[in-house]
Amino acid sequence: MMVSPMERGLDRVVALVDMDCFYVQVEQRLNPALRGQPCAVVQYKGYQGGGIIAVSYEARACGVTRNMRGDEARKLCPTIKLARVPEAHGKADLTRYREASVQVIDVMSQYAIVERASIDEAYVELTAQVQEKIRQMEGHVPIPSQLLRTFVEGWPRDDECEKEKPLNDCEDAKEACRLHGVTTWLQLTASDGAVGNADLNLSIGATIIEEMRAAIEAETGFRCSAGIAHNKMLAKLACGLNKPNRQTILPHSSVPGLFSGLPLGKIRNLGGKLGTSVSEKLGVEFIGDVVHYSKQHLEGHFGEKISGWLYDVCRGLEFEPIRPRNLPKSIGCSKNFNGPEALDTREKVRYWLKELATELEERLVKDKETNQRVAKQLTVGVHMDTKGQNGTLSRCSAMTRYDANKIAADALALLNACNTAGRGQATWSPAVTCLQLSACKFSEVAVGGTNDIAGYLSANAKPLLPALPKMGSSFGTPPKSVKDRGSRTIGIAELFQRATAKNQQCSQATNMSFDEGGDNSTKEGNCKGEHTSFFRKEALSAIHDDDDDDSNSQRPDTMEDFVISTSISPTVDDDSAETTPDLAVRSSNRCLEVDSNLDLQQDSGIIDTLSKMKKEGGNFISPEDMENCNECGKTVSMWELPEHSDFHFAQSLQKTFSASCEKPGLMRGTSMPASQRAKRRAAPPAKRKKASANHTLDSFFKKSS
DNA sequence: CATTGAAGTGGC
DNA sequence: GCCACTTCA
Ligand SMILES: Nc1ncnc2c1ncn2[C@H]1C[C@H](O)[C@@H](COP(=O)(O)OP(=O)(O)OP(=O)(O)O)O1
Ligand SMILES: [Mn+2]
Ligand SMILES: [Mn+2]
């Protein structure tokens, strides 16, 4: 029995846009002498010419690849130009590429809703625009001249086009073949009169992406490739089929032909251990081979979710939604210290934590101004030079201020627990081979500027739209004045997009208070997907199980040894910072608020901050971080506004819904589970220290004593 | 001796 | 919710 196109997701149109040799293009734009040359970008020129992380297509022709050392590349390609990643704070600094990425995403989001998938690629939701354009076209179909940079995978069907013409230029032959494929495919598409023709939808999506890519190049100077298909997995795959500077349509009907010879590992999420285990357990090489196995058979080897996903994917089906999100969800930095560089003293660890924290602070401050949000959680990670053992661990604490000294001090306090030498010792063991600092759990802050606040409110107050609003008029023809908003005041389209995204999440949430009552968790990307990477468990079990599944082999918690007894002191609300006894760090699922005072007596820079904090009662908050709550008029640190607003939200909730409520599901789309909202409600807003996830040690002590 | 990010899940 | 671990760029 046939399932409908909708059930198979063939009504959707999505694209994946990926920049060509991105870091190289960034360097070439900066330095014209590099353009059109064999060229690569390296990190840390010192060791054997540095490590290559991006390669121009001219250099790829010589066999130069990522992961090569600069010296190797020169052997293969003596004329290669090597550009170096900038360095700051003693480490590689990727700011230049992040900023270029923002430029690209900004242009893209003028055309449609996008999901930033990495520094150089984004998914594009085209379904609504395609439908709008179809209405406008009144039965017409795209013509080949609208698809000048487009390939159709699988077309022409027999690859012997133009064989009678002896074309001596290979590029000319390829172009002729491309055009032939596009033309014949469009003809067949037009002759299929069915409304809701899936291929027609793809062809129209492709015309939009042609325009979008032209705009990207015009406004940023960067070239890219794209894939257009009915789901993210196929779009990603298609994008890589005709790089560089080309886009590829992958019609559903071409999937079997392509998949029959496509190695499993080429599919997103099958490139690692899971893919290997699928290959081994099923005895297959190509993704197309998987169609021969029933779902039941697959479930004999893999979990239910993985099996269902595999069963669909090998047929070209996938249902991952595009999650509207233009910004990263975390901001972090890390540095490796290999071999002899490993940090074996407390001073070295302290020094590098400070360097990392300084970069982090700079990026966070810029992020706050640009994106009106603040991170609420700090995570510190470390790898240690333990052989055999797994010497990696991470710990988190509340982020309360963007201050490098405090960040570094807190991080060191969290890490003290894993120095076997003990807190007072000068040595650090096992030696640290990698340090990471990362900030996440962002909350929106209403920023002071009158212009910005007005724009923000009007965007949020827009009338509710249907789940899939007609966005043709908003997105389809971006204003030619796009240029002047290259850098970072929020544009009309983006505001509209944010409102739209929110409306899609809370379908008819008409009962929300005007300002949405105080979930300040950033609206970027807070919609949860049904099932993304459940891949970890399967990959893991693939290793531990030899033949049969679910041997829950117990992994020894190796770092626990280091963690047992070192002192991390709590910050207490009443500021009576007593020295506390040593304690086990991990025994509740609460991240720790550390008092780093005890750890940094020798560091003058940090001492300065510390003494300042002491003077301010240990709770210093700079005036520019203060906000007025527009509910009660109280002055609150912007860091606490989310919780403060939650308080008001809960109050209004109680009034509005005291008798009869909507379904709890209504609240999805705000970032917090309903259960948590309820819990938070009682907390006094202004004076409360940190009632939210990043907990102080108070509650820890309450529980454990 | 690649390095430096970033996103996501499931166990607990 | 924290953390370990996988996958990807
Ligand atoms: N393993 C890595 N380590 C560090 N940086 C990386 C790594 N892989 C990729 N990058 C950076 C450099 C790339 O220019 C950028 C985008 O990656 P990616 O899209 O995979 O390749 P690319 O853009 O260089 O070439 P392509 O034209 O094949 O897309 O991310
Ligand atoms: Mn790329
Ligand atoms: Mn990429």
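Going from atom CD of A:Glu355 over to atom P of B:dT3 covers 19 Å, rounded to whole Å. When rounded to the nearest whole Å, the span between CD of A:Glu72 and P of B:dC1 equals 14 Å. Between the OH atom of A:Tyr123 and the P atom of B:dA6 there is a distance of 18 Å, given to the nearest Å. The nearest whole Å value for the distance from the OH atom in A:Tyr47 to the C1' atom in B:dT3 is 13 Å. Going from atom NZ of A:Lys45 over to atom P of B:dT3 covers 16 Å, rounded to whole Å. One can place CE of A:Met384 at 10 Å from P of C:dA4, the figure rounded to the nearest angstrom. Distance CD1 (A:Ile322) to P (B:dG8): 13 Å, rounded to an integer number of Å. One interatomic measurement links the two molecules: CE of A:Met233 to P of C:dT7, which rounds to 17 Å at whole-angstrom precision.
Nearest to the side chain of A:Ala92, among B:dT4, C:dA9, C:dT7, sits B:dT4. Relative to the side chain of A:Lys537, the nucleotides C:dC2, B:dT4, B:dG11 differ in distance, and B:dG11 lies closest. Here the side chain of A:Lys91 is nearest to one of B:dT4, C:dT7, B:dT3, namely B:dT4. Here the side chain of A:Glu359 is nearest to one of B:dC1, C:dA4, B:dG5, namely B:dG5. Which of B:dT3, B:dA6, C:dT7 sits closest to the side chain of A:Arg363 comes down to B:dA6. When distances run from any side-chain atom of A:Glu121 to the nucleotides B:dA6, C:dA9, C:dC2, the shortest one goes to C:dA9. If you check C:dT7, B:dG5, B:dT4 against the side chain of A:Leu274, the one that comes closest is C:dT7. For A:Lys236, the listed nucleotide lying nearest its side chain is C:dA9; candidates were C:dA9, C:dC5, B:dT3. Proximity note for A:Leu94 (side chain, C-beta onward) versus B:dA6, B:dG5, C:dT7: the nearest is B:dG5. Among the nucleotides B:dG5, B:dA6, C:dC3, the one closest to any side-chain atom of A:Ser330 is B:dA6.
Between B:dA6 and A:Arg98, a contact under 4.0 Å exists linking OP1 or OP2 to a side-chain N or O. Note on A:Ser394: a side-chain N or O is less than 4.0 Å away from OP1 or OP2 of C:dA4. In this model, the phosphate group of C:dC2 is approached by a side-chain N or O of A:Gln377 to a distance below 4.0 Å at OP1 or OP2. Phosphate proximity of C:dC2 to A:Thr379: absent, as no side-chain N or O sits under 4.0 Å from OP1 or OP2. Contact annotation: A:Asn336 side-chain N/O to B:dA2 OP1/OP2 distance is not under 4.0 Å. Distances shown here put every side-chain N or O of A:Arg323 at or beyond 4.0 Å from the OP1 or OP2 atom of B:dA7. Contact check, A:Lys329 against B:dG8: a side-chain N or O comes under 4.0 Å of OP1 or OP2. Within the 4.0 Å cut-off from OP1 or OP2 of C:dC2, at least one side-chain nitrogen or oxygen of A:Lys441 is found. For A:Arg96 and B:dT4, the shortest distance from a side-chain N or O to OP1 or OP2 is not below 4.0 Å. Not one side-chain nitrogen or oxygen of A:Lys232 sits closer than 4.0 Å to the OP1 or OP2 atom of C:dC8. Taking 4.0 angstrom as the limit, A:Lys273 places none of its side-chain polar atoms (N or O) nearer than this to OP1 or OP2 of C:dC5. Look at A:Tyr97 and you won't find any side-chain N or O under 4.0 angstrom from OP1 or OP2 of B:dG5.
A:Arg69 places no side-chain N or O within 3.5 Å of a backbone atom of A:Gly49 that could act as its donor or acceptor partner. In this structure, the side chain of A:Arg363 engages the main chain of A:Gly332 through a donor-acceptor pair within 3.5 Å.
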Check: Just the dot-bracket of DNA chain B, please: which string comes out with Watson-Crick or G-U pairs under 3.5 Å, [ ] for crossing, | for another strand?
Finding: ...|||||||||
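A:Ile53 comes within 4.0 angstrom of a nucleotide base, judged by non-hydrogen atoms across all strands. As judged by a 4.0 angstrom heavy-atom cut-off over every strand, A:Gly339 is placed among residues making no nucleic acid contact. Residue A:Glu341 is out of contact with every strand shown, counting any heavy-atom pair closer than 4.0 Å. Using a 4.0 Å heavy-atom cutoff across all strands shown, A:Leu270 reaches sugar-phosphate atoms only and no base atom. As judged by a 4.0 angstrom heavy-atom cut-off over every strand, A:Leu356 is placed among residues making no nucleic acid contact. Using a 4.0 Å heavy-atom cutoff across all strands shown, A:Tyr44 reaches sugar-phosphate atoms only and no base atom.
There is no side-chain donor-acceptor pair under 3.5 Å between A:Ser277 and A:Glu280. Using a 3.5 Å distance cut-off with no hydrogens or angles, the side chains of A:Gln28 and A:Tyr23 do not pair a donor with an acceptor. A donor-acceptor pair shorter than 3.5 Å cannot be found between the side chains of A:Gln25 and A:Arg223. A:Asn242 and A:Thr248 share a side-chain donor-acceptor pair at under 3.5 Å. Using modelled atom types and a 3.5 Å distance limit, the side chains of A:Thr379 and A:Ser438 yield no donor-acceptor pair.
DNA chain B is contacted by both A:Pro340 and A:Pro328; A:Pro340 maps to the nucleotide lying nearer its 5′ end (nearest heavy atom per residue).
Lacking a ring centre under 5.5 Å from that of the base six-membered ring together with a plane angle below 30°, A:Phe535 does not count as stacked on C:dT7.
For A:Asp120 against C:dA9, no side-chain N or O and base N or O form a donor-acceptor pair under 3.5 Å.
Across A:Glu318 and A:Lys232, no two heavy atoms sit closer than the pair OE1-N, 3.6 Å. A:Pro321 approaches A:Glu115 most closely through the heavy-atom pair O-OE1, 3.8 Å.
Below 30°, between 30° and 60°, or above 60°: for A:Trp309 and A:Phe535 the angle between ring planes is above 60°, a perpendicular geometry.
Applying the side-chain hydrogen bond (donor to acceptor under 3.5 Å, both in side chains) test to pairs two or more places apart or on separate chains, those with a residue in residues 333-343 of chain A are A:Tyr44-A:Lys335.
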